[in-house]
S.K.: 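Sending over a structure as structure tokens; questions will come in a sec.
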There are 2 protein chains.
Amino acid sequence: MVRKHVTIGVDLGGTKLLAGIVDCEGHLSSLQRWPARVRDYDQSLTAIADLVTQLRREIEQRGDTVVAVGVAIAAFLTADRERVRDATNLVGWRDRPFRAELAARVGLPVVIENDGDAAVWGEYTHGAARGERCVAMATVGTGIGGGVVIDGNLISGGSGLAGEIGHLQVVPSGRTCGCGARGCLEAYASGTALAQAARAAAAADPVGARQLLDRAGGDPERIDGPAVTALALEGDPLSRRVVAELGEWLGSGLAQVAAVLDPSVIVLGGGLVDAAGELIVEPARIAYTSALSIRAVRQVAPLRRAELGNAAGLVGAGARAAAAVAGLPTASAVD
Amino acid sequence: MVRKHVTIGVDLGGTKLLAGIVDCEGHLSSLQRWPARVRDYDQSLTAIADLVTQLRREIEQRGDTVVAVGVAIAAFLTADRERVRDATNLVGWRDRPFRAELAARVGLPVVIENDGDAAVWGEYTHGAARGERCVAMATVGTGIGGGVVIDGNLISGGSGLAGEIGHLQVVPSGRTCGCGARGCLEAYASGTALAQAARAAAAADPVGARQLLDRAGGDPERIDGPAVTALALEGDPLSRRVVAELGEWLGSGLAQVAAVLDPSVIVLGGGLVDAAGELIVEPARIAYTSALSIRAVRQVAPLRRAELGNAAGLVGAGARAAAAVAGLPTASAVD
């Protein structure tokens, strides 16, 4: 029997930690979700190492070989992809040599990548953007990430921050963003912004927000993003409106990305898009198309949902890890 | 004596037609400016062919060889760089096979490029962005062009429109732009916008605008961009204010470009920046720095003036033409 070479992909977001096995065709198996919320650096390191150990055992029981670990992180990384420079949704990570520390713990080659960059790489290699020349992606979850692939290269930029679509300014002097600037797309179209918008709508219109308030035990401050999405899917008008407005902000931000990059395709992913689907994508598409500049001659890049869904980051991280070790002599790559 | 191989670079803007000889080190000589304004397609073709013939004679008299012609055009080109798809500032160009028609007229290989793309290529190969990994450039003239070079590749995008920085939206539902969209940077920070802003300022404050009005024979509608720039350089307060506001718009647009691309350097060029210099660049730098997102961890890309000045497009077009024929067997490339 031929031993398959696989990687372990990990996705650490603001509110979730996922891990799974990724094969060379981008197929994901044995998806694990860490049961608790991890925010702290040491907690995360231990949790990720535990997940890797568990999945490695499973891989070896199958008779396959794990060649590397790829971790997608919702954070701004150093350009050399060794450390986290800053993360608005993670605590205690700043300037810790995470890549090397995790590699030492698990005894495997480790690659770390920004989650938006990992996601676009996943969709480009194995998802909705296969074979496309110029791909832009936005991942909408707790925050908004993004990434760009041009002619088969993941674009990292001068200091490793290319593709941070969530930090495009959509409202001059607008809402304060976690990044320190004002009016960023993330402050209008992320899961965090969704919850805030729903709370404001509930405060302004308690009658229209009855269902939302019921689900939050009557306290507007306890309304969270998943409740809004769930009620929108059930047809609650106020929740639908708040979700649609988020989609419109997203679409107008994507028109800006199109002005700079002229992508051949734009992919929308992340947990919120995965959950709300067309309730976000349809208003995003309308706003995107109507805000596009140079319309007379532009071939409008289609706006597609991530084929890998919320697993794009995890699969992409695994694929990056596989590519990174392909050229390296590692013990586990020889069998 | 060694025969030098050179190209002829041409730059056709909304209000100017320039041509000159470009050597392999990016040095420009024999710069010619066509004395009249050419807008019409046939007129332009004839004028460019005349300039090429004249410069070719000069090159051959020197004992050198012209290997190709590169033309930078202020227009949206087809992705294959054969035709002009549309041009807000040129008349009668739509869908004419300009590259082939000019090549037939002059009997030399011809390369055509969008003017912003040619300019960033000029600055990357021979100017302010030599050796930089990720370069964004804005060219400010009658309109606003732009281009992007990443890892040595000129980025063309899915349909040939990448780097159109002038068509970033800076004001949601703002001024109508020549491209058909609203709120584009070009509608706030181009030479055309400068003249409009000065006319509006003069109408609102005829006393403060006395110098401007004097220069326009008392008619606010006859105020043009060059007059505003000239008076600003002479210290006229109202003209300075209008020019500075243009710089601020430009800077806030460039912060958007930085959010998407994270460039290692941003270059500002074009006729208006060449003429007004720091009167535009300084306010642009301040607005750019203050509007940047993810400031805590970002290495702020320096904002530099084009080293090649207003010749960046012409030199870049010549350099693109030289690169294009380097791999081609052409009669003139053999001596």
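Every chain is numbered from 1, with letters handed out A, B, ... down the list of sequences.
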S.K.: Can you list everything that forms a side chain to side chain donor-acceptor pair (under 3.5 Å) with A:Asn114? Sequence neighbours excluded, please.
M.R.: A:Glu164
S.K.: Any donor-acceptor pair under 3.5 Å linking the side chain of A:Asn153 with the backbone of A:Ile155?
M.R.: no
S.K.: Only pairs of heavy atoms separated by less than 4.5 Å count here; which of B:Val260, B:Ile150, B:Leu261 has the most with chain A?
M.R.: B:Val260
S.K.: For the candidates A:Gly157, A:Ser159, A:Cys179, which exhibits the highest count of non-hydrogen atom pairs separated by less than 4.5 Å from chain B?
M.R.: A:Ser159
S.K.: Are any side-chain N or O atoms of B:Arg182 and backbone N or O atoms of B:Arg175, one a donor and one an acceptor, separated by less than 3.5 Å?
M.R.: no
S.K.: With a strict 4.5 Å heavy-atom criterion, list every residue of residues 131-145 of chain A that contacts chain B, or say none.
M.R.: A:Arg133, A:Cys134
S.K.: As an exercise, state the distance from OG1 of B:Thr125 to CZ of B:Arg320, rounded to the nearest 0.5 Å.
M.R.: 9.0 Å
S.K.: When rounded to the nearest 0.5 angstrom, what distance separates CZ in A:Arg96 from OG in A:Ser44?
M.R.: 10.0 Å
S.K.: To the nearest 0.5 angstrom, please state how far the CG atom of A:Leu194 sits from the OG1 atom of A:Thr192.
M.R.: 9.0 Å
S.K.: What's the separation between atom CD in B:Glu101 and atom CZ in B:Arg83, rounded to the nearest 0.5 Å?
M.R.: 8.5 Å
S.K.: Write out, in numerical order, the residues from residues 285-295 of chain A with a heavy atom short of 4.5 Å from a heavy atom in chain B.
M.R.: A:Leu292, A:Ser293, A:Ile294, A:Arg295
S.K.: Answer yes when A:Arg298 and A:Asp262 have at least one side-chain N-carboxylate O distance shorter than 4.0 Å, and no when they do not.
M.R.: yes
S.K.: Heavy-atom pairs under 4.5 Å with chain A: which of B:Pro172, B:Gly166, B:Ser264, B:Ala162 has the most?
M.R.: B:Ala162
S.K.: Between A:Leu161 and chain B, with a heavy-atom cut-off of 4.5 Å, which part of the residue counts as in contact: side chain, backbone, both or neither?
M.R.: both
S.K.: Tell me, for B:Val170 versus chain A, whether the close heavy atoms (under 4.5 Å) come from the side chain, the backbone, both or neither.
M.R.: backbone
S.K.: Between A:Tyr41 and A:Phe98, what is the shortest heavy-atom contact and its length?
M.R.: OH-CA, 3.3 Å
S.K.: Ignoring hydrogens and geometry, is there a side-chain-to-backbone donor-acceptor pair from A:Arg81 to A:Gly160 under 3.5 Å?
M.R.: yes
S.K.: Once you round to the nearest 0.5 Å, how far does CD of B:Glu113 lie from CG of B:Leu77?
M.R.: 6.5 Å
S.K.: Donor-acceptor check, side chain of A:Asp115 to backbone of A:Gly313, threshold 3.5 angstrom: yes or no?
M.R.: no
S.K.: Heavy atoms only, distances under 4.5 angstrom: which of B:Ala181, B:Cys177, B:Cys184, B:Ala301 has the most pairs with chain A? Name it, please.
M.R.: B:Ala181
S.K.: Anything in residues 244-256 of chain A with a heavy-atom distance to chain B below 4.5 Å? Please list those residues in order.
M.R.: A:Gln256
S.K.: Roughly how far, to the nearest 0.5 Å, is CG of A:Leu168 from CG of A:Leu185?
M.R.: 6.5 Å
S.K.: Stepwise, does the salt bridge (Lys or Arg N to Asp or Glu O under 4.0 Å) test hold for B:Glu123 with B:Arg130?
M.R.: CA-CA 7 Å; B:Glu123 291 294 328; B:Arg130 269 184 298 262; over 6 Å; no
S.K.: Look at the aromatic rings of A:Phe76 and A:His167 and report parallel, tilted or perpendicular, splitting at 30° and 60°.
M.R.: perpendicular
S.K.: Is it true that, when you exclude B:Arg94 itself, more than 12 heavy atoms of the residues, nucleotides or ligands shown sit nearer than 6.0 Å to its CZ?
M.R.: no
